[in-house]
Amino acid sequence: MRRVSRIAALYRAVDGAAAMEVPQHRMSTAAQFSTSSNKSSTRSNWLFNNLLTDLSARTAAHAVAGTMLFSVAATTLTEEVHAKEVVPPELRPKDLVLYQYEACPFCNKVKAFLDYYDLPYKIIEVNPISKKELKWSDYKKVPVVLVDGEQMVNSSDIIDKLYEKVRSGDSTFDADEESKWRKWVDDHLVHMLSPNIYRNTSEALESFDYITSHGNFSFTERITAKYAGAAAMYFVSKKLKKKYNITDERAALYEAAETWVDALKGRDFLGGSKPNLADLAVYGVLRPIRYLKSGRDMVENTRIGDWYSRMESEVGVSARILA
């Protein structure tokens, strides 16, 4: 019975990754980051909030977010940084702390923004089961950011507010185009991920091996999460395929990648010569799966690889500092 309750807690925890935030699309600034219109899916606590008690739409949605439970090696890139955006010293936050799940796609979206704008940040890795690191906050989803003591929640809202704080001039990007594709990330792209990374047992285990080795789990939680979580998400991914009318998960992922490349219309980035917040949103969401089998297959079988490589160079090395 204790094992069952532990697994149930794990599911709620990983769902905590999917339910992390409910995306609410915003068009407030010309360059807002990924819009959070996820209402009961995408950005939710990741894997399985109510997996044992509710394997329905909500869990599936949460699973989608959890789907991305993989942060990318891109955060440790050592290649030359070609062009970080420079934020004037007077606009830079003095203290920025990100509460996250390392593999959460929406946490990765925030990190892509912080890395690109070279805003130093500390990370507090949240235990997805106890969430004791967030006991000070009424908000129990991730990401949560403290900016000079001010709490910000929901990845899109976080990025929107930070962008307002650090930009030194008006954006030259097409606000409508940018907003459209940020919404596409949350309403479509993210739903392609879970069915792909949990497509079969070997890929599900690959995914959870990363999750458990990089997340804030105790030894017992790590073992339970790896095998019970992988098995559970394998079956959840099948429900997600049905929910989103996906017949061939790889083909759907490839189609989404090609759709994004078509949106570039021959430009290096959607923003033109520089990434805009839509570029960062797509990059942040894909970064967790880039070096998993699904991500490798996507790059090998679509035209997205060149754009992704350019984004890696533009975003550059992580701006994370030790807490």
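- Contact of the Asp297 side chain with the Tyr254 side chain is registered, since non-hydrogen atoms from C-beta on lie closer than 4.5 Å.
- The cationic group of Arg296 does not satisfy the cation-pi geometry with Tyr291, failing either the under 6.0 Å distance to the six-membered ring centre or the 45° limit from the ring axis.
- Side chain to side chain, Ser294 and Glu203 fail the donor-acceptor criterion of an N or O pair below 3.5 Å.
- The pair Arg320-Asp115 does not count as a salt bridge, with every side-chain nitrogen at least 4.0 angstrom from each carboxylate oxygen.
- Under the 4.5 Å side-chain criterion, counting only non-hydrogen atoms from C-beta, Glu125 is in contact with Glu102.
- Under 4.0 Å is where a charged nitrogen must lie from a carboxylate oxygen, and between Asp279 and Lys274 no such pair does.
- Put simply, the side chain of Val144 reaches to within 4.5 Å of the side chain of Leu134, judged on heavy atoms.
- For the residue pair Glu85/Tyr117, the side-chain donor-acceptor check at 3.5 Å is not satisfied.
- A distance-only check finds a donor-acceptor pair linking the side chain of Arg267 to the backbone of Ala263 [under 3.5 Å].
- A heavy-atom distance below 4.5 Å is found between the side chains of Ile123 and Gln100.
- Remark: Lys165 NZ is loosely packed, at most 12 non-hydrogen atoms of other residues, nucleotides or ligands lying under 6.0 Å away.
- Tyr121 and Ser318 share a donor-acceptor pair across their side chains, judged by distance under 3.5 Å alone.
- Between Glu206 and Lys293 no salt bridge is recorded (no basic side-chain N to carboxylate O distance below 4.0 Å).
- When all heavy atoms are compared, the tightest approach of Pro120 to Leu96 is O-CB, 3.7 Å.
- Taking the six-membered ring where the residue is Trp, Trp260 and Trp181 present perpendicular rings, their angle passing 60° and hence far from 30°.
- Under 4.0 Å is where a charged nitrogen must lie from a carboxylate oxygen, and between Glu255 and Arg250 no such pair does.
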Derivation and outcome, ring-ring contact (aromatic ring centres under 6.0 Å, His included), residues Tyr99 and Trp136: CA-CA 12 Å; Tyr99 291 78; Trp136 55 271; 5.3 Å; yes

